[in-house]
2 protein chains.
Amino acid sequence: MNAPSRRKFRREGEERRRQDLIEATLDSVAEHGLQGASLRTIALRAGVTAGLIRHYFPGKEELLQEAYTTLVERMTEQAKAALAMEDASPRKRLAAFVSANLNAPIIDARVFSLWATFIGRASADPALAQAHREGYLGFRDEVEAVVAEVLAAEQRKVETSQLRHHAIAINAIIDGLWIEGCLAGEMFSPGELAAIGIRAVEAELGLVPEQDPEKPQTSRRKLMRLAQKGESG
Amino acid sequence: MNAPSRRKFRREGEERRRQDLIEATLDSVAEHGLQGASLRTIALRAGVTAGLIRHYFPGKEELLQEAYTTLVERMTEQAKAALAMEDASPRKRLAAFVSANLNAPIIDARVFSLWATFIGRASADPALAQAHREGYLGFRDEVEAVVAEVLAAEQRKVETSQLRHHAIAINAIIDGLWIEGCLAGEMFSPGELAAIGIRAVEAELGLVPEQDPEKPQTSRRKLMRLAQKGESG
DNA sequence: GGCCTTGTTGTGCAAGTGTATAAATAGCTT
DNA sequence: AAGCTATTTATACACTTGCACAACAAGGCC
């Protein structure tokens with residue numbers, strides 16, 4: 001009779017369990033920060049007991065590192081996916097890329113919380129720092145590639161240093177707007193951030209605003225004034 | 001003889017002690033994150049014993065909140081200080097503002113680590129979220145004010161919604177570059193980030209690039225091409 | 001069915017946590 | 001010099017933490 005009644009359990013495949021544990025870790029960190037993400041909390045969320053974690057990970061630190069790596073991969077992968085449209089014009093692809101990065105699901109409070117929590121430790125933890133840098137540089141390279149295509153399509157030649165500067169600036173625009181959207185999404189109407197971002201990116205590249213059929217004179221006048229000032233200076 | 005030899009101590013003024021404890025808290029968080037910032041660690045750093053903290057703060061949470069408030073105040077204050085130059089032209093002031101935000105001491109790994117650590121908890125902690133929002137909106141209002149001055153000096157009229165969009169975009173540019181500089185300062189040559197930022201901001205506002213005495217034709221040609229495209233579109 | 005491997009649970013432990021509170025003493029007041 | 005008071009130390013406590021390990025049972029294999 002009242003045998004200690006051990007908890008029933010199922011044996012899951014290794015890959016599945018590891019992924020569940022990583023997901024539970026990310027959930028815990030997003031909700032309660034690194035301090036609130038204890039092995040017991042994580043295990044509870046994953047539907048297992050704490051001891052099991054040690055069977056898949058050498059220690060807590062390794063679990064957190066794998067969780068962060070997973071997060072970075074997921075973020076960059078999602079972001080780059082927006083560049084996949086092969087057929088569209090470079091300019092349209094760039095706009096789609098910016099737009100995708102400034103809407104759900106990339107604009108997301110949970111992901112931002114995770115990003116900030118981990119990145120805050122980057123200056124103290126070389127492993128985190130490197131994981132970030134790789135993700136960042138990969139992202140920037142993608143940006144630089146599209147920018148090069150856009151400028152080529154506009155038949156404009158720029159030096160490589162200028163290209164790099166464009167990529168850095170555009171990356172900053174996207175990052176900055178991403179943060180604002182994640183932290184205070186309700187302050188912006190739907191699509192507003194994307195519109196701001198696209199306009200800012202195109203301004204950075206010196207692209208002529210697309211003709212607005214409503215009032216085409218505006219941009220024409222603006223351009224004339226620009227040219228005039230150029231002559232006089 | 002061997003009396004238990006209690007530790008010697010000095011009585012400091014309340015203001016001084018509170019400030020020391022807050023500074024020790026910020027140091028601890030910057031170095032080891034929220035998880036590593038225990039009362040004992042903080043007290044050790046401040047040169048007191050842990051029990052004393054309870055004499056100045058109701059609990060750990062309140063100490064952390066005051067520390068974060070202090071941090072935000074310090075950051076926004078420093079940033080706004082760059083706008084103080086009353087005599088310069090609006091455009092020069094804007095450039096100086098951008099430049100100040102993209103150089104030391106505002107570009108600083110420790111401050112960034114603190115910012116990220118705390119902001120990562122903002123979506124879960126309403127108090128942190130509000131502290132951030134107030135600081136952010138204050139900053140953006142400053143940006144918007146300078147932008148308005150700059151555009152007025154250029155005799156350009158823009159709607160208030162457009163003004164807001166400019167401020168949001170410029171804010172994003174500064175934030176994004178600030179992050180890049182804090183996380184990977186050594187990837188940029190001195191002044192490079194500021195140069196990128198100023199150019200991006202001026203492009204956002206549609207300001208004509210300042211005439212480069214070395215090769216003035218370049219920008220003139222560029223402007224002519226811009227104007228031409230405007231005519232044809 | 002019975003066995004074996006190993007994924008999984010449960011318990012134990014030392015170290016560390018925030019909080020509470022008693023004891024001591026620094027420095028002002030008189 | 002003596003006394004007071006409030007700052008500061010020190011200790012206690014209940015609780016959590018990461019980690020180690022022994023016991024167990026799930027599910028494949030023969």
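Each chain gets a letter, A, B and so on, in the order its sequence line appears, and its residues count up from 1.
Between the CG atom of A/L64 and the P atom of D/dC19 there is a distance of 10 Å, rounded to whole Å. One can place NE2 of A/H32 at 17 Å from C1' of C/dT17, the figure rounded to the nearest angstrom. Summarising the geometry, the separation between CG on A/L39 and P on C/dT8 is reported as 16 Å, rounded to the nearest angstrom. Summarising the geometry, the separation between CG on B/L44 and P on C/dT17 is reported as 11 Å, rounded to the nearest angstrom. In this structure, CD of A/E12 is placed 19 Å from P of D/dA25, rounded to the nearest angstrom. With rounding to whole Å, A/L52 atom CG is found 15 Å from D/dA20 atom P. Rounded to whole Å, atom P of C/dG16 lies 15 Å from atom NZ of A/K60. In this structure, A/I42 atom CD1 and D/dT16 atom P are separated by 16 Å, rounded to whole Å.
With distances taken from any side-chain atom of B/R54 to the nucleotides C/dT19, D/dA20, C/dT8, the minimum falls on C/dT19. Listed nucleotides C/dG7, D/dT7, C/dT19 differ in distance to A/F9; the shortest reach to its side chain belongs to C/dG7.
Closest heavy-atom contact between A/Y56 and A/R18: O-NH1, 2.9 Å.
One finds a salt bridge joining A/R164 and B/E192 here, because a Lys/Arg side-chain nitrogen approaches an Asp/Glu carboxylate oxygen to under 4.0 Å. For B/E23 and B/R110, the salt-bridge test passes: some basic side-chain N is under 4.0 Å from an acidic carboxylate O. Between A/R140 and B/E180 there is no salt bridge, since none of the side-chain N atoms of the basic residue sits less than 4.0 Å from a carboxylate O of the acidic one. In this structure, B/E142 does not pair ionically with B/R93, as no charged nitrogen and carboxylate oxygen lie closer than 4.0 Å.
Checked by distance alone, A/R7 brings no side-chain donor or acceptor within 3.5 Å of a matching partner on the base of C/dT9. Judged by distance alone with a 3.5 Å cut-off, a donor-acceptor contact links the side chain of B/R40 to the base of C/dG18.
If you find the closest nucleotide of DNA chain D to A/A37 and to B/I53, the one lying nearer the 5' end belongs to B/I53. Place B/T41 and A/G47 on DNA chain C by their nearest nucleotides, and A/G47 ends up nearer the 5' end. Closest-nucleotide positions on DNA chain C for B/E62 and B/K8 were compared, and the one nearer the 5' end corresponds to B/E62.
In this model, the phosphate group of C/dT25 is not approached by any side-chain N or O of B/R6 to a distance below 4.0 Å at OP1 or OP2. Not one side-chain nitrogen or oxygen of A/R10 sits closer than 4.0 Å to the OP1 or OP2 atom of C/dT8. A sub-4.0 Å separation between OP1 or OP2 of C/dT8 and a side-chain N or O of A/Y56 is present. Remark: B/S38 is in phosphate contact with C/dT17, judged by side-chain N or O atoms under 4.0 Å from OP1 or OP2. Remark: A/H55 is in phosphate contact with C/dG7, judged by side-chain N or O atoms under 4.0 Å from OP1 or OP2. Contact between the side-chain N/O atoms of B/R17 and the OP1/OP2 oxygens of D/dT8 is found at a separation under 4.0 Å.
B/E14 comes within 4.0 angstrom of nothing in the nucleic acid, heavy atoms only.
Residue-environment remark: CD (B/E62) exceeds the threshold of 12 foreign heavy atoms within 6.0 Å.
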